[in-house]
Amino acid sequence: MDSLNSLLDGFGTALTPLNLLWAAIGVLLGTAIGVLPGIGPAMAVALLLPVTYGLDPTGAFIMFAGIYYGGMFGGSTTSILLNTPGESAAVVAAIEGNPMARAGRGAQALAAAAIGHFAGGMIGTILLVVLAPTVASLAVDIGAPDYFAIMVLAFIAVTSVLGSSRIRGFASLLIGLTIGLVGLDQMTGQQRLTFGSLQLADGIDVVIVAVGLFAIGEALWVAAHLRRTSGESIPVGRPWLGKAELRRTWKPWLRGPLIGFPFGAIPAGGAEIPTFLSYVMEKRLSRNRDEFGRGAIEGVAGPESASSASAAGTLVSMLTLGLPTTAVAAVMLAAFQQYGIQPGPLLFEREPDLVWGLIASLFVGMVLLLVLNLPLAPVWAKLLRIPRPYLYAGILFFAAVGAYAVGGQAMDLVILLVIGLIGLGMRRYGLPVLPAVIGVILGPAAEQQLRRALQISDGSVTGLVNTPFAVTVYAVILVLLAWPWIKRLVVRLRSGPGPGPGQGSGPASGAGAGSASGPGSGAADGA
């Protein structure tokens with residue numbers, strides 16, 4: 001009841017005309033910036049920090065929260081329409097959303113994403129109000145072995161469900177982990193894979209890698225095949241979801257927050273892990289598994305709901321512990337310190353108006369996001385009608401601007417081009433891009449947690465499995481790895497024993513197959 005009363009007071013703060021204006025500006029700015037490849041919400045909040053010096057803290061953080069949620073929706077918009085995520089949390093939206101757009105269902109994918117963001121954000125914010133103390137205490141108890149196990153689970157999950165083979169998935173992951181090694185060792189300070197270049201000593205920024213692999217790689221791939229394909233614009237469907245689509249999406253919308261919120265509250269990669277795990281779960285539970293990879297709407301609805309809920313979970317750790325779990329949370333933490341406010345357990349007592357006004361503004365921002373962006377779904381979908389030479393030229397321009405804005409160095413543009421060429425090669429040889437991005441994002445953190453766990457256990461490998469949570473996660477990993485063999489075994493047991501030698505069906509079928517396959521295969525080869 002105390003939380004409910006405080007939340008009602010927060011609505012009194014958030015619903016003032018001036019704060020409503022800041023929330024609307026934040027949502028619109030976040031969506032517009034999120035649509036631009038490479039310029040994510042973290043960069044937007046960082047660029048607006050000097051602008052907010054004259055604002056009161058409550059108004060500034062309400063606008064930052066609007067930018068956060070709006071940027072996540074805008075990032076999924078470009079993932080769906082252009083196969084170019086505006087930020088790392090929107091990577092999964094491209095897997096099913098882009099095939100939907102290419103099939104003329106781009107507006108439906110955008111509508112599923114918008115409603116998913118609304119549902120996930122609402123549920124996540126309700127959980128933030130109700131469960132913040134409990135989740136914070138759980139996050140405190142999770143140690144280095146648990147973090148490492150979670151990240152290994154993310155690696156295995158994403159390489160097991162994507163691409164034409166697991167080998168290609170692990171090869172892509174290895175590329176990402178290698179890129180993540182570039183820079184200084186966080187513990188010893190030694191240079192790794194820098195080739196003597198001072199510009200590489202700080203490592204390669206995740207934004208540059210994501211933009212290079214997705215935007216530059218996609219643009220180069222399209223340019224290489226532009227003459228072989230027609231230049232017709234992709235048709236855009238209606239902007240609303242039908243009854244059949246609603247029946248397929250309402251459960252993923254509700255399941256997403258159950259994954260997104262807890263993972264957002266612990267420092268294990270922000271929204272990236274829950275979106276991948278949500279995608280894996282929806283693929284396992286869906287009755288339309290054959291559509292996955294070709295435009296399954298569940299693969300958009302679930303991960304987008306999980307992504308939005310993880311943003312609310314991120315605020316749990318930042319507000320109650322002062323622990324930023326994402327880049328946006330880190331920038332917002334710097335903004336708190338800029339105003340002389342220290343997030344932590346006492347923040348709810350010392351700054352109740354600010355905290356509960358911010359939480360209430362999340363509900364307001366979700367409504368504004370849905371009201372403003374759902375009607376605009378066909379407008380965003382019309383991006384597909386732009387002639388592809390102009391479209392991908394614009395993508396290259398904004399990608400270069402976004403990469404240059406990260407560090408302001410010309411070397412970043414060279415790195416962007418090199419990684420873009422790697423992305424082109426990965427598309428040429430059928431390697432999925434997503435595991436590489438995951439390797440870059442989570443690889444350095446996984447290495448750090450691994451080394452911490454080994455230091456705590458004096459180098460003993462048993463230190464990685466000395467908690468019930470870690471053992472449970474590794475059990476899930478074993479199931480994921482063994483699932484194909486388990487599935488084959490179950491199919492064999494259900495089909496029963498094969499025909500006996502006395503029945504004669506084996507040789508007959510073999511002869512028939514041989515006689516049929518000879519000419520047929522030759523004709524196929526000739527064609």
Side-chain angles (χ1 to χ4, degrees), residues 135-162 166-167 169-190 192-193 203 206 259-278 280-281 310 313-314 317 321 323-326 434-486:
V135 175
S137 63
L138 290 175
V140 171
D141 294 335
I142 290 179
D146 305 319
Y147 291 146
F148 180 70
I150 291 172
M151 293 174 188
V152 173
L153 173 61
F155 293 150
I156 299 300
V158 74
T159 52
S160 297
V161 301
L162 298 177
R166 289 191 175 191
I167 294 177
F170 281 108
S172 175
L173 177 65
L174 182 61
I175 291 174
L177 293 174
T178 304
I179 295 175
L181 287 175
V182 176
L184 296 179
D185 188 319
Q186 296 181 0
M187 292 192 173
T188 65
Q190 293 180 343
R192 301 188 298 191
L193 301 179
V206 174
I259 299 176
F261 183 81
F263 274 91
I266 60 176
E272 290 83 11
I273 293 179
T275 52
F276 302 137
L277 295 182
S278 175
V280 173
M281 183 173 71
S310 73
T314 296
S317 299
L321 300 174
L323 180 66
T325 61
T326 64
L434 186 56
V437 178
I438 295 305
V440 176
I441 293 173
L442 298 182
E447 179 196 10
Q448 189 175 14
Q449 298 299 341
L450 171 64
R451 294 167 75 172
R452 282 180 181 173
L454 292 176
Q455 284 179 344
I456 293 172
S457 62
D458 292 330
S460 175
V461 181
T462 57
L464 300 177
V465 289
N466 59 0
T467 65
F469 185 86
V471 172
T472 304
V473 173
Y474 284 123
V476 174
I477 291 172
L478 288 176
V479 171
L480 276 176
L481 290 174
W483 178 252
W485 292 280
I486 296 174

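Side chains included, hydrogens not; waters and symmetry mates left out as well; all remaining heavy atoms used. Not measured: the values here are computed from a predicted model. All residue numbers in this chain count up from 1 along the given sequence.
Annotation: side-chain contact (heavy atoms from CB on, under 4.5 Å) contacts of Ala144 (sequence neighbours excluded): Gln449, Arg452, Ala453. By the side-chain contact (heavy atoms from CB on, under 4.5 Å) test, Leu184 pairs with Gln191, Ala201, sequence neighbours left out. Under the side chain to side chain donor-acceptor pair (under 3.5 Å) criterion, Arg192 pairs with Glu447, sequence neighbours left out. Under the side chain to side chain donor-acceptor pair (under 3.5 Å) criterion, Ser460 pairs with Thr462, not counting sequence neighbours.
Atom CD1 of Ile486 is separated from atom CG of Leu478 by 9.5 Å, given to the nearest 0.5 angstrom. Rounded to the nearest 0.5 angstrom, Thr275 OG1 and Leu277 CG are separated by 8.0 Å. One distance of note links CG of Leu153 with CZ of Phe148; it measures 12.0 Å at 0.5 Å rounding.
Residues Leu193 and Leu181 share a closest heavy-atom pair of CD1-CB, 4.0 Å. Smallest separation of non-hydrogen atoms from Pro274 and Gly260: CB-CA, 3.6 Å. The nearest pair of heavy atoms linking Gly463 to Pro145 is O-CG, 3.3 Å. Heavy atoms only, all atoms of each residue included: Phe155 and Ala446 are closest at CE1-CB, 4.0 Å.
A side-chain contact (heavy atoms from CB on, under 4.5 Å) with Val473 is found for one member of Val476, Ile477, Val471 and no other, namely Ile477.
Sequence neighbours left out, not one pair with a member in residues 171-180 passes salt bridge (Lys or Arg N to Asp or Glu O under 4.0 Å). For residues 464-479, the set of pairs meeting the side chain to side chain donor-acceptor pair (under 3.5 Å) definition, not counting sequence neighbours, comprises Asp146-Thr467.
Leu464 has its side chain within reach of Leu450: a pair of non-hydrogen atoms, C-beta onward, lies under 4.5 Å apart.
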